[in-house]
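Once you've had a glance at the structure underneath, I'll fire off some questions.
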Amino acid sequence: MSEVRFDGRVAIVTGAGGGLGRAHALLLASRGAKVVVNDLGGARDGTGGGSAMADKVAEEIRATGGEATPNYDGVDTAEGGEAIVKTALDAYGKVDILINNAGILRDRAFHNLTEEDWEKVLAVHLKGAFCVTQPAFRVMRQNQYGRIVFTTSAAGLYGNFGQTNYGSAKMALVGLMNTLKIEGQKYNILANTIAPLAGSRLTEDVLPTPVVEALKPGLVSPIAAYLCSEECTETGSVWVAGGGYFSRAAIVEGKGVALDPSGEISLEQIRDNWGKIKEMSGAEEFANANAEGLSRIFSNLQRGAPAQ
Ligand code: NAI
């Protein structure tokens, strides 16, 4: 059986000083990638910082014969993102792979959420993904090759009490990916998103200890790494992974109902068609905004559906 390898490939993993990022970095390096191990080294809420976490993982990689360079910049500013990509360019001359993984938590029930908790969480997860991905994407575009992975969460896809800030940022990353897959395709830049579940300092006090121990981050990394491989040609999907379970999540649209747009549409027509509007059997996934979703609206406008 041939191995999935990353020889000659240069990877950046953000927030790789612990948890999932560390596991992704170790796996990529063990398969031949040169890895920039980025981590700000702060606390779980994003405060503080230091070089120890990134250094430790880079040393771990080197100790097993791999190649790694630490970087301590925060992902949440344009300067930080540029510096992270520059670290890869200075050390290895290019960037082929980017895993946007850095993250923090500031959970609070919505009515207690402060502007600072909102802004900080969006800054690290969403703006951070922009700040690192844009300079990396520019390099990948020139090289006509790239593999980008974003990290969302079930909290964004489905909701979770106390995580309006985190869930908003995480779901926004799916939106970022949806357009980046379109803009990158011509340049062989593929973008995917993982929705992981793993025991880490982010989950250690929300899940029972035995579950945290069983949900090893290394059980998620194989799909993150596979999505970064040359042989994987997937783009634009969300991949769920945790504890050895893997699946794909997608946004789908139901068949809906086409009402006659030539006159007024009454509230009663909405009420009377509610079952059809809500029905999800036969729901479909769309490749982009124009593919089907909008075209259904435009074709209904043009033909003027028979009155219901
Ligand atoms: P973690 O706390 O161990 O890892 C996050 C890392 O990001 C930390 O090492 C932290 O120092 C670093 N970081 C924070 N702010 C940074 C910044 N501004 N710049 C650079 N690095 C920064 O937590 P975990 O669980 O490994 O999380 C990794 C990613 O996976 C996060 O994006 C998280 O939201 C996501 N995730 C994790 C889940 C889980 O079950 N552990 C569930 C769903 C998503």
Side-chain angles (χ1 to χ4, degrees), residues 12-26 36-58 70-85 87 98-107 119-133 149-160 163 165-174 193-208 211-221 223-224 238-243 245 249:
I12 295 171
V13 183
T14 69
L20 285 159
R22 171 180 167 271
H24 302 337
L26 292 176
V36 170
V37 177
N38 158 264
D39 206 292
L40 183 70
R44 161 178 134 142
D45 67 356
T47 53
S51 58
M53 289 175 77
D55 280 344
K56 192 158 177 266
V57 175
N71 169 283
Y72 323 114
D73 289 290
V75 296
D76 48 324
T77 63
E79 301 78 51
E82 293 281 355
I84 294 165
V85 172
T87 299
L98 168 62
I99 302 184
N100 288 291
N101 165 82
I104 62 167
L105 280 184
R106 292 193 176 196
D107 293 358
E119 283 183 346
K120 191 70 191 161
V121 165
L122 264 83
V124 175
H125 291 277
L126 179 58
K127 187 180 170 204
F130 161 71
C131 290
V132 185
T133 304
V149 170
F150 297 99
T151 308
T152 186
S153 165
L157 297 175
Y158 309 118
N160 197 26
Q163 296 197 311
N165 52 354
Y166 180 74
S168 302
K170 286 309 203 188
M171 196 56 180
L173 292 170
V174 177
T193 299
I194 59 166
L197 187 65
S200 76
R201 68 181 194 175
L202 291 189
T203 49
E204 65 191 0
D205 58 359
V206 286
L207 295 168
V211 177
V212 169
E213 282 164 9
L215 283 171
K216 294 186 178 28
L219 293 172
V220 171
S221 299
I223 195 163
V238 177
W239 307 90
V240 179
Y245 167 80

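Residue numbers count from 1 along this sequence. Read the numbers this way: they start at 1 and go in the same order the structure lists the ligands and their atoms.
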Non-hydrogen side-chain atoms of Leu98 and Val149 separated by less than 4.5 Å:
no
Under 3.5 Å, side chain of Asn160 to main-chain N/O of Gly167, donor-acceptor pair present?
no
Tell me which residues fall inside the under-4.0 Å heavy-atom shell around ligand 1.
Gly15, Gly18, Gly19, Leu20, Asn38, Asp39, Leu40, Gly41, Gly42, Met53, Asp73, Gly74, Val75, Asp76, Asn101, Ala102, Gly103, Ile104, Val124, His125, Thr151, Thr152, Ser153, Tyr166, Lys170, Pro196, Leu197, Ala198, Ser200, Arg201, Leu202, Thr203
Is a donor from one side chain sitting under 3.5 angstrom from an acceptor on the other, for Tyr72 and Asp55?
yes
Quick one about Thr133 and Asn100 (side-chain donor to acceptor, distance below 3.5 Å, no hydrogens or angles considered), yes or no?
yes
Ala123 to Asp76 - nearest heavy-atom pair and separation:
O-CB, 3.4 Å
Rounded to the nearest 0.5 angstrom, the NZ-OG distance for Lys216 and Ser221 is 13.0 Å
